[in-house]
Each structure stands twice: as structure tokens, then as C-alpha cells.
Engineer: 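Before anything else, here's the structure in question.
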Protein chains: 2
Amino acid sequence: MQETRQKIIDAAILIFNDDQSAPLEKVAEKAAVTRRTLHRYFKDRHELLTVCSKDIRKRCSEAMAAALDSSDRPLTQLEQLLYAALDCGAKYAFFHKLHGSEGHQHHGGNDDCTAYDTMHQRFLRLIMQLQDAGMITRHVTPSWIHAFFTGVVNTALKADAMGEVAKQSQKQFAWFSFSKGIGV
Amino acid sequence: MQETRQKIIDAAILIFNDDQSAPLEKVAEKAAVTRRTLHRYFKDRHELLTVCSKDIRKRCSEAMAAALDSSDRPLTQLEQLLYAALDCGAKYAFFHKLHGSEGHQHHGGNDDCTAYDTMHQRFLRLIMQLQDAGMITRHVTPSWIHAFFTGVVNTALKADAMGEVAKQSQKQFAWFSFSKGIGV
DNA sequence: TTCAAATGTCACACAACTGAGAAATTAGCC
DNA sequence: GGCTAATTTCTCAGTTGTGTGACATTTGAA
């Protein structure tokens, strides 16, 4: 059963997302599996992390690309991007965490880095395009908007986890605050 | 020298903020101190965490209270609250993380919880007051605004850590995005 | 039912982290 | 300079996490 593998990956993403150094026992527990089984699928901690990273890259990149392709209107693209990120959930958050951690070195040979950078560039271009068209404010920089974007995603994820905001309002609130926050 | 103690606490907040299970060696290293010295000030990991929690509570509560007292205009109070949170930096983020973690149980006997809840209540009241006055939108709930507030703080902290946004623009951007994002 | 693959249980060796004692070293102060 | 307290260095035992082997148990499909 290959679904066990995915179950472990998903658990690892959840656990490592808020505790990088968490013992593998916790991951196994979250995946409802023995540590021994976890080790059957993944040689060691490092391999598990690598696989998580690749899994995330694949899923996030696809979702983001689909969002961008879903429309010709830049503002709609941006809105769909936000929804896609929210759907990716913890994966999107972890994607950024991986590339923002201290020990991380960007280099071309790493596919994950390439995927991240590509996405990042497309995002920045979209933002600059919107600014040029006067559809969003120029008071804040594209860099800030990018940080703000992931910040709103994280906010929605946390609000969801805390159960403080109704599920169906989540996306609506997120888009309201994000779009207004960049001066749409 | 009692400043060593504070140095360790500050280092612990920084380290534990993005890796709860980080070895104490990392904390000691960040504080430019030996692990042995750390153990002289704090019996064990748990005591260090407890002290961090108290330190954070004290500093954040004071800063927030001062911000609220700095003006009579609700909107100015909110703006000052944001700046205070940004000044508290990682401490503010950790404050929330501590109270949002899984194993955490809210109970009256815990001073930290009380302080957190008090602050939380004052924040929500301020928001509802602004909504009643029609100064901010009603499209989003006070709960969402609270989550959004800490989200913006985290965004600014991250942007600062990544060096992507000029220091002096930080607060300005944060307030712009936050205020617009709640429909000011 | 039967067989094979997947998973669990137990046991082990090893590495890393933790907490503490004792002596050597450093820093501030009179 | 000498004294005192803080800190470092070195040490070590105890605990926890890691990775693996051997074998039992469960599961699912033929």
C-alpha cells in the first residue's frame, strides 16, 4: 500500500512545519504508523525531509501554475493564486519555510530552489504588472506584497487550525484583507 | 552579572520561536555562552521556557497597554498597538505561538494565560468599538482581524529577517496593509 | 483458505542531548 | 596586585532519539 508513504509525508509536513527538530516518533504517531514502518519507507530524517520538499514543490507549483493559467485578467490570477495557496495549506507554508531557513543555500542545481525561484519571479512580475496598470498601490513594494501574501495565507491557516473563523468565510476574508491590503 | 540571564532568555526566545525542540546548545551559542552557564541560570529546558513565557508576557503586556493608553482615538490606539507589537518583535510572535500550541491548556491559574486573555479581550473590544463606529469594515469578523493583526506582525518580522524590505519602510508598509486590510 | 506483502513488536547498538560536579580561568573591583 | 564572583573547560552518567535486524502478526487478494 503506497498510500502509507503519502500519509507519512503529509504527517511530516504538518509536524516539521512547526517543529523542525521534532522526533520522528511524533511524525509516525501523526501518521498512525510505527517508527519502524516510517524507517522502511525513508532511510533517515534527511531523506524524509528531501521527499517532503519534493512533494511540496510538485503540489504547490502545479496549483500555482493552474491558478495563473485560469484567467487572463491579472487581478483574477492573483485571486486564484491566493485560493490555490490556501488549498495547498500547510504545504505552501512549509514551502516558504524551507527556503527561508538559515542554513538554506540557493543554488541552481537544486530543483526545489529553481521551482521556488520561478514561482517567486512570476509572482513579482504579476505584481509589477498590476502596479504598472495602476490596479494596485505603489505605496508598498513587490517584495512586501510577496511577504504579505504568504502572511495572509499563514493567517488563514492558523485561523483555521484554531477554529476561530468559519471554514466557508476563510477564503473570502483572506481575499478581502489581502486585496485591500495591497490597495486594490 | 544578571545581564547574562537576560541574554540567555532573549536567545531562547529567538531560537525556540522557530524550533521548539532545538538543542539547548543552540540557545547557548546564540547567547554567546556555554551550555554549562545556561544550566546554572536555568535548571532545565522547562524552567527556561517558563521564564521566557513570563518575560514575554511582561514586556508585551506593558508595550500593548502603553500603546492603548497613548491616545483616546481608537484608530490611533490600533496603529500604536501594531507598532508596539512590531517593536516587541519575536517576543510578540512567540507570545502567540505559546498560546496557540497543541499541548496548551487555558486555565485561570496560569498568569500568562490571564495576561493573554486580557490583552485579547481588550483587542476585540477595540475592534468592535471601531466597527460600531463604522470606522472599519463589518465584512470580516473581530476574530479574523485579530488573526490578521498577528499575521501582519509576523509578515513584517519575516520580511525584516530576510532583509527584503528596508527597515524604515517596515512599519509604514505594515500599517498600510493592515489598516486597508480591515477596511479603514 | 492460503499465501505474500505490509506492518507491528521487541531487542539492540549507537549517537545526540541533558544535567551536574570540580577545577581552571577570566573579569570586575577594592 | 589580590580577592571574589562569574564563567569556562573538562568530565561523566543518565536519558532520549535514531537506525536496523529478526520475527510475529495482520491484511488483502487470489
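Note: hydrogens, waters and symmetry copies are ignored here, and every other heavy atom, side chains too, is used.
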Engineer: Using a 3.5 Å distance criterion without hydrogens, assess whether the side chain of Thr137(A) forms a donor-acceptor pair with backbone atoms of Gly183(A).
Structural biologist: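 Side chain of Thr137(A) to backbone of Gly183(A), a donor-acceptor pair under 3.5 Å: no, none is there.
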Engineer: Specify the separation, in whole Å, of atom CD of Gln20(B) and atom P of dC17(C).
Structural biologist: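 My rounded result for the distance is 17 Å.
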Engineer: Determine: side-chain N/O of Thr4(B) to OP1/OP2 of dA6(D), distance under 4.0 Å, yes or no.
Structural biologist: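 Looking at the OP1 and OP2 atoms of dA6(D), neither is under 4.0 Å from any side-chain N or O of Thr4(B).
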Engineer: Step through the shown structure and confirm whether more than 12 heavy atoms of other residues, nucleotides or ligands are within 6.0 Å of NZ on Lys54(B).
Structural biologist: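 Yes, enclosed.
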Engineer: Starting at NE2 of His46(B) and ending at P of dT15(D), how long is that distance when rounded to a whole Å?
Structural biologist: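 Interatomic distance, NE2 of His46(B) to P of dT15(D): 19 Å.
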Engineer: Could you run down the sub-3.5 Å N/O contacts of the protein with nucleotides 8-10 of chain C?
Structural biologist:
{"unit_1": "dG8(C)", "atom_1": "OP2", "unit_2": "Thr34(A)", "atom_2": "N", "d": "3.1"}
{"unit_1": "dG8(C)", "atom_1": "OP2", "unit_2": "Thr34(A)", "atom_2": "OG1", "d": "3.0"}
{"unit_1": "dG8(C)", "atom_1": "OP2", "unit_2": "Thr37(A)", "atom_2": "OG1", "d": "2.5"}
{"unit_1": "dG8(C)", "atom_1": "O5'", "unit_2": "Thr34(A)", "atom_2": "OG1", "d": "3.1"}
{"unit_1": "dG8(C)", "atom_1": "N7", "unit_2": "Arg40(A)", "atom_2": "NH1", "d": "3.4"}
{"unit_1": "dG8(C)", "atom_1": "O6", "unit_2": "Arg40(A)", "atom_2": "NH2", "d": "2.4"}

Engineer: Using modelled atom types and a 3.5 Å cut-off, is there a donor and acceptor pairing between side-chain atoms of Gln131(B) and backbone atoms of Val140(B)?
Structural biologist: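 It does hold such a pair.
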Engineer: Using whole Å, report how far CD of Glu29(B) lies from P of dT8(D).
Structural biologist: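 The answer, rounded to whole Å, is 13 Å.
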Engineer: Using whole Å, report how far CD of Glu3(B) lies from P of dA27(C).
Structural biologist: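 Nearest whole value for this atom pair: 14 Å.
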Engineer: Centroid separation under 6.0 Å, is that true for the rings of Phe16(B) and Phe94(B)?
Structural biologist: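 No; Phe16(B) has its ring centre 6.0 Å or more from that of Phe94(B).
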Engineer: Can you see if the side chain of Tyr41(A) gets near the phosphate of dT7(C) - specifically, an N or O under 4.0 Å from OP1 or OP2?
Structural biologist: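 Result: yes.
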Engineer: Taking the six-membered ring for Trp, are Phe148(B) and Trp144(B) parallel (under 30°), tilted (30 to 60°) or perpendicular (over 60°)?
Structural biologist: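 The arrangement is parallel - the two ring planes meet at less than 30°.
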Engineer: Angle, rounded to 10°, between the helical axes spanning five pairs at each terminus of the helix from dT1(C)-dA30(D) to dC30(C)-dG1(D)?
Structural biologist: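 Answer for the end axes of this duplex: 40°.
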Engineer: Side chain of Arg45(B): nearest nucleotide among dG19(D), dG19(C), dT18(C)?
Structural biologist: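 Out of dG19(D), dG19(C), dT18(C), the nucleotide with an atom closest to Arg45(B)'s side chain is dT18(C).
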Engineer: What is the distance from CG of Leu38(B) to C1' of dA20(C), rounded to the nearest Å?
Structural biologist: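 Leu38(B) atom CG is separated from dA20(C) atom C1' by 13 Å.
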Engineer: Using whole Å, what does the distance between atom P of nucleotide dG21(C) and atom NZ of Lys43(B) come to?
Structural biologist: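 Computing the Lys43(B):NZ to dG21(C):P distance gives 12 Å.
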Engineer: Take the angle between the ring planes of His146(B) and His96(B) and call it parallel below 30°, perpendicular above 60°, tilted in between.
Structural biologist: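 Judged by the thresholds at 30° and 60°, the geometry between His146(B) and His96(B) is tilted.
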Engineer: Taking Asn154(B) for its side chain and Thr150(B) for its backbone only, find out whether a donor-acceptor pair lies under 3.5 Å.
Structural biologist: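 Present.
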Engineer: Can you measure Glu25(B) atom CD to dG17(D) atom C1' for me and round it to whole angstrom units?
Structural biologist: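 To the nearest whole Å, that distance equals 17 Å.
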Engineer: When the ring planes of Tyr116(A) and His120(A) are compared, do they come out parallel, tilted or perpendicular, using 30° and 60° as the limits?
Structural biologist: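 Tyr116(A) and His120(A): parallel rings.
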Engineer: Just how far, in rounded Å, is P of dA6(C) from CZ of Phe42(A)?
Structural biologist: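 So the CZ-P distance, Phe42(A) to dA6(C), works out to 14 Å.
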Engineer: When you measure from the side chain of Asp55(B) to the backbone N and O of Ile9(B), does any donor-acceptor pair fall under 3.5 Å?
Structural biologist: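 Pair absent, no side-chain N/O of Asp55(B) close to backbone of Ile9(B).
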